[in-house]
Amino acid sequence: MSVIETRAAVIGASLGGVLAAYQLCCRGIPTVLTSEFDWIGGQLTSQGVPPDEHRYIESFGASASYYRFRDAVRAHYLAQPQFIDNSVMTEGCNPGDGWVSRLCFEPAVAERYLRDLLQPFLASGLLQLIEGVRPLETRRDGRRIQSVTLVAGNGDAGNGGTGEEVREIRAGYFLDATDTGELLAQADLPYRLGKESRSAFNERQAPQQADITDQQPVTFVVALRKTEPDPAHLLARPEGYEFWRSYRLPHYDYPLFSEHIPGHEGFSSVVLPLFGDGQTLDLWRYRRVVAAHNWRDARADASLINWAQNDYALHPLLDGAGRSMDEVIAAAKQQTRCLVYWLQHEAPRSWIGETGQGFPELALATDLLGSDDGFAQQVYVRESRRIVGLDTLSQGDIELLGDAAWQPAGCERSVGIGLYNMDIHPTCTSGMGSNATVRPFELPLGIFIPADADNLLPACKNISVTHLVNAATRVHPIEWLVGEVAGQLAAQCLERGLTPADLYQDPTEVVALQQQLGDSGIPLHWPQTLAITETANG
């Protein structure tokens, strides 16, 4: 077995992982980045999820590098001779004219951008990218991670790895940028997962008893194109179809395959039409990434199907009894396949004022997600194992209560800012869903620092937050930020010969880190008045 020695190893090319490697290399730190899937970028690319962003994103509330990315995506489309911006669903140039975000676009565009972002460091040799591998074993000696052993293959492809140990990585610092917090489990470090008890953090929506199985559902995204009906495009009846066709969402008591989606609170539901016009919120345009009316040439609409109807919540993804992670992923993909069959064959055309059943005009778009079958390369993971940090961000820290329109939540050791509702899809055990409003919040340094490890940092969805707060911090701009902060924190610790806990306790080092973050374009605080933000938004 070959051994690679490096100063920093980022395990997992998630969105946070890519940005962690980028920031480490910007600081001149020799780095290894490992990637399990063909595309780097996680939820933005291989998982097929357009950016979920807050309402101020057009002008404020994310890092400078994230804005450069957004600008580059728009520039890519505006440079195409056949593209014309006819977006109507949101402000700004929105290539797909979807309404989940002000920037819906083909995931391949983001993947190319992230590759280009890393290319100078790859060319210089400062960064080594090892692709097609996943962590098999993480060795720990006391508070220090010694090494991570990689195996070829990935679980989502159904092969579980080839069994061949590719190489062992030894590093001064390890960053866990897997979407599942895999290194935490492999190293047998303490972590949180699922719901904490109410007594743990006094959270309003927490249950009386903690439950690690009560996790957010996963979703296997698929791309569909709206085109001329063709029998060759129709799926064969999938195994398990009858189960999903008749399945009613627990506690909500409506058919999962329907126009219904969960409401904000209290097991309520709302209805969204399949297709809509104007400003009507509909399912098709929810995550549309190709809008025919934005192109002068003949192009068909295409949408990424990440709806409540294909959230898989029968079993938790992580640490569940009786079902392995690979089995849950396979079941989630089969549920999505059943949804596509239902849409093509049995969904009522009365939804659009016609008679009959099925929408055969919805065909698998096999050219959008870097796969042969139109499905994402990787299941969409909403909830990860999370470190037990020196600080923990809880619902009480970020929830917006009362009638105040603007209540930014601050902290002394802030290393970045975030904003997104606590968007909880009906969970695997209790079935609870919610979309609680939050105030603009700051990310404390301590949520990046494990209490029980000296050279491991979280760089994805595995920061020290509760289950409820994870629902707000899991989105694209914040995961991007988490990666940047983790990379900068690891770099400073390596440069100064410090552990993260040492840095946390030294006010001078904290200020130095905050200065470096600010210099690299990461805002640490929100404006204290809404008027300032509204002015900034123009």
Side-chain angles (χ1 to χ4, degrees), residues 1-18 20-22 24-25 29-42 45-47 111 114-115 118-119 121-141 144-189 318 324-326 329-330 370-372 376-379 381 384-385 453 455-460 462 483 486-487 490:
M1 178 175 59
S2 62
V3 175
I4 294 176
E5 297 197 10
T6 184
R7 296 195 74 194
V10 181
I11 308 299
S14 61
L15 186 56
V18 171
Y22 170 73
L24 280 160
C25 290
I29 304 294
T31 301
V32 169
L33 172 65
T34 72
S35 178
E36 185 172 347
F37 302 94
D38 290 343
W39 283 358
I40 62 173
T45 58
S46 58
Q47 296 176 32
E111 212 273 342
L114 295 175
R115 293 266 178 184
L118 298 181
Q119 184 54 40
F121 305 120
L122 292 167
S124 70
L126 191 63
L127 176 65
Q128 181 177 356
L129 175 60
I130 304 175
E131 301 192 70
V133 296
R134 61 184 178 87
L136 175 67
E137 181 181 12
T138 301
R139 296 184 179 90
R140 174 169 66 94
D141 182 10
R144 292 192 62 81
I145 304 299
Q146 298 298 310
S147 67
V148 173
T149 301
L150 306 172
V151 64
N154 67 72
D156 281 16
N159 60 17
T162 65
E164 175 190 356
E165 290 188 1
V166 178
R167 61 199 71 186
E168 181 181 56
I169 298 181
R170 299 172 184 169
Y173 267 75
F174 290 90
L175 286 77
D176 185 346
T178 64
D179 282 277
T180 58
E182 194 65 25
L183 301 194
L184 301 178
Q186 291 185 5
D188 196 27
L189 284 166
L318 303 173
S324 70
M325 185 166 67
D326 287 352
I329 291 168
S371 63
D372 294 333
Q377 299 169 28
Q378 178 186 8
V379 73
V381 181
S384 172
R385 302 178 182 95
N455 68 333
L456 177 70
L457 295 173
C460 192
N462 48 354

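All values derive from a computational prediction rather than experimental measurement.
- For the atom pair CD (E36) and CD (E182), the distance works out to 8.5 Å, reported to the nearest 0.5 Å.
- Minimum interatomic distance between R167 and I4 (heavy atoms only, all atoms of both residues): CD-CD1, 3.4 Å.
- Checked against side-chain contact (heavy atoms from CB on, under 4.5 Å), A13 has the following partners two or more places apart in sequence or in another chain: V18, L33, S35, I40.
- L15 places a side-chain heavy atom less than 4.5 Å from the side chain of L114.
- The side-chain contact (heavy atoms from CB on, under 4.5 Å) test with I169 singles out one residue from V3, I145, T149, I130, and that residue is I130.
- The two residues V10 and G17 come nearest to each other via the heavy atoms CG1-O, 3.5 Å.
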Next on the checklist: Show, in sequence, the C-alpha distance, side-chain angles and deciding distance for S46 and Q378, and conclude whether the side chain to side chain donor-acceptor pair (under 3.5 Å) test is met.
Outcome noted: CA-CA 6 Å; S46 58; Q378 178 186 8; 2.8 Å; yes
request  = Any chance you could lay out the side-chain contact (heavy atoms from CB on, under 4.5 Å) test for L24 and L175, step after step, and finish with the verdict?
outcome  = CA-CA 11 Å; L24 280 160; L175 286 77; 4.3 Å; yes
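- Across every non-hydrogen atom of L127 and C25, the tightest pair is CB-SG, 3.7 Å.
- For the atom pair CG (L184) and CZ (R385), the distance works out to 7.5 Å, reported to the nearest 0.5 Å.
- Between D179 and Q47, the closest side-chain pair of non-hydrogen atoms falls below 4.5 Å.
- Under the side-chain contact (heavy atoms from CB on, under 4.5 Å) criterion, A171 pairs with T6, A9, F174, sequence neighbours left out.
- In this structure, the side chain of N462 engages the main chain of D176 through a donor-acceptor pair within 3.5 Å.
- Scanning all heavy atoms of the two residues, the minimum distance from S14 to A459 falls at OG-O, 4.3 Å.
- Counting heavy atoms from C-beta outward, Q119 and L122 have side chains that approach closer than 4.5 Å.
- Checking side-chain atoms of R134 against main-chain N and O of F37 turns up no donor-acceptor pair under 3.5 Å.
- What you find for S384 and T180 is that their closest heavy atoms are OG-C, 3.1 Å.
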| message | Pair Q186, T138 - check side chain to side chain donor-acceptor pair (under 3.5 Å), show working. | response | CA-CA 5 Å; Q186 291 185 5; T138 301; 2.9 Å; yes
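- In this structure, CG on L183 lies 11.5 Å from CG on L457, to the nearest 0.5 angstrom.
- Side-chain contact between R115 and L129 is present, with heavy atoms from C-beta onward closer than 4.5 Å.
- E168 has a carboxylate O that lies under 4.0 Å from a charged side-chain N of R139, or vice versa, which qualifies the two as a salt bridge.
- The heavy-atom pair separating T178 from P135 by the smallest distance is CG2-CG, 4.3 Å.
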